[in-house]
Amino acid sequence: LGPLGDTWIFDACISRWRVNPDFSGFGPPAARFDHAAAVMRAPKIKGNFDVPNGDLLYVHGGRTSKYVTSDTTVLGDLWWLDLNTGGWFRITIRSWARPPARFGHAMVLDADADGSGHRLFIFGGQSTSGVYLNDMWVFHPEDKSYLQVLPRTKTRPSERAIHELD
C-alpha cells in the first residue's frame with residue numbers, strides 16, 4: 001500500500017472527522033510518508049495577506065514510498081493548509097539557503113506571544129542517501145526564507161530520525 005494523498009481534519013468541538021476538499025485550485029501536496037507537520041492556531045493578522053496566518057497546518061518533506069528504493073523520491077517542499085478554507089498552498093522559498101530534502105525529521109512551530117508572527121524549526125531526519133542528520137533550520141514565513149542554525153560550540157544532539165520536537 002502506497003502513501004495516501006487525502007487530508008482528514010478532526011473537529012474536536014463535535015468529535016467528527018471530515019475529508020478535506022481542496023478549494024485552492026493548487027491541489028494538495030504529493031502523497032508522502034515520514035513528513036513533518038506543525039499546526040498553528042492563532043488570530044488573523046491584518047494587512048499582510050501574503051503571509052499565512054490563522055488556523056494553519058504546515059507540511060514539510062517526506063518520501064514517496066515507505067521503503068527507500070531506486071523509485072523513492074525524498075522531498076524538500078514546504079506547504080501550508082488553511083484549516084478554515086481547506087486550501088493547500090505550496091510555499092515558494094525566496095532564500096538560496098534551504099534544508100536538503102529529508103524524511104523522518106521533526107518540525108515545531110514557535111509563535112510570538114502576541115500572535116503577531118511565527119517561525120518553524122526543522123531538525124534531523126534522513127537525507128536522500130539515507131544519512132542521518134543533526135542539522136537545524138528555521139523558516140521565517142514573513143519573507144519565506146530559511147536560515148541554518150549553527151551552534152556556537154561543538155556540542156549538539158546526535159544524528160537522529162523518527163523523533164519529535166516540543
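Owing to the predicted nature of the structure, the values given are computational and were not obtained by experimental measurement. The chain is numbered in sequence order, starting from 1.
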Legend entry - Short side-chain donor-acceptor distance under 3.5 Å, D82 and W80: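 No - no donor-acceptor pair under 3.5 Å links their side chains.
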
Please give the remaining members of the hydrophobic cluster of [X], linking ILVMFWY side chains under 4.5 Å, ordered by chain and number.
X	value
V131	none
V19	W8, F10, W17
I162	none

Legend entry - side-chain hydrogen bond (donor to acceptor under 3.5 Å, both in side chains) partners of S129, counting only residues at least two apart: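 Applying side-chain hydrogen bond (donor to acceptor under 3.5 Å, both in side chains) to S129 gives S127.
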
Legend entry - Test side-chain hydrogen bond (donor to acceptor under 3.5 Å, both in side chains) applied to S65 - qualifying residues, sequence neighbours left out: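 For S65 the side-chain hydrogen bond (donor to acceptor under 3.5 Å, both in side chains) partners, ignoring immediate neighbours, are T72.
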
Legend entry - Heavy-atom donor-acceptor pair, R16 side chain to I14 backbone, under 3.5 Å: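 No: the side chain of R16 does not pair with the backbone of I14.
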
Legend entry - Pair R119 + D110, salt bridge at N-O below 4.0 Å: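 The answer is yes: the pair qualifies as a salt bridge.
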
Inset, instruction - Sequence neighbours left out, what passes ring-ring contact (aromatic ring centres under 6.0 Å, His included) with H163? Give chain and number order. - result: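 Only F123 meet the ring-ring contact (aromatic ring centres under 6.0 Å, His included) criterion with H163.
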
List the atom pairs, with distances to 0.1 Å, where a side-chain N or O of residues 95-108 and a protein N or O form a donor-acceptor pair under 3.5 Å, not counting sequence neighbours.
residue: S95; atom: OG; partner: A97; partner atom: O; Å: 2.8
residue: S95; atom: OG; partner: Y146; partner atom: N; Å: 3.0
residue: R98; atom: NH2; partner: S95; partner atom: O; Å: 2.9
residue: R102; atom: NE; partner: P100; partner atom: O; Å: 3.1
residue: R102; atom: NH1; partner: G124; partner atom: O; Å: 2.8
residue: R102; atom: NH1; partner: D135; partner atom: OD1; Å: 2.8
residue: R102; atom: NH2; partner: D135; partner atom: OD1; Å: 3.3
residue: R102; atom: NH2; partner: D135; partner atom: OD2; Å: 2.8
residue: H105; atom: NE2; partner: H60; partner atom: O; Å: 3.2
residue: H105; atom: NE2; partner: H60; partner atom: ND1; Å: 2.9

List, one per line, each side-chain donor-acceptor pair under 3.5 Å for residues 150-160, sequence neighbours excluded.
residue: T153; atom: OG1; partner: T155; partner atom: N; Å: 3.3
residue: S158; atom: OG; partner: R160; partner atom: NH2; Å: 3.2
residue: R160; atom: NE; partner: S158; partner atom: O; Å: 3.1

Inset, instruction - To the nearest 0.5 angstrom, please state how far the CD1 atom of I91 sits from the CG atom of L78. - result: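 I91 CD1 to L78 CG: 3.5 Å, rounded to 0.5 Å.
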
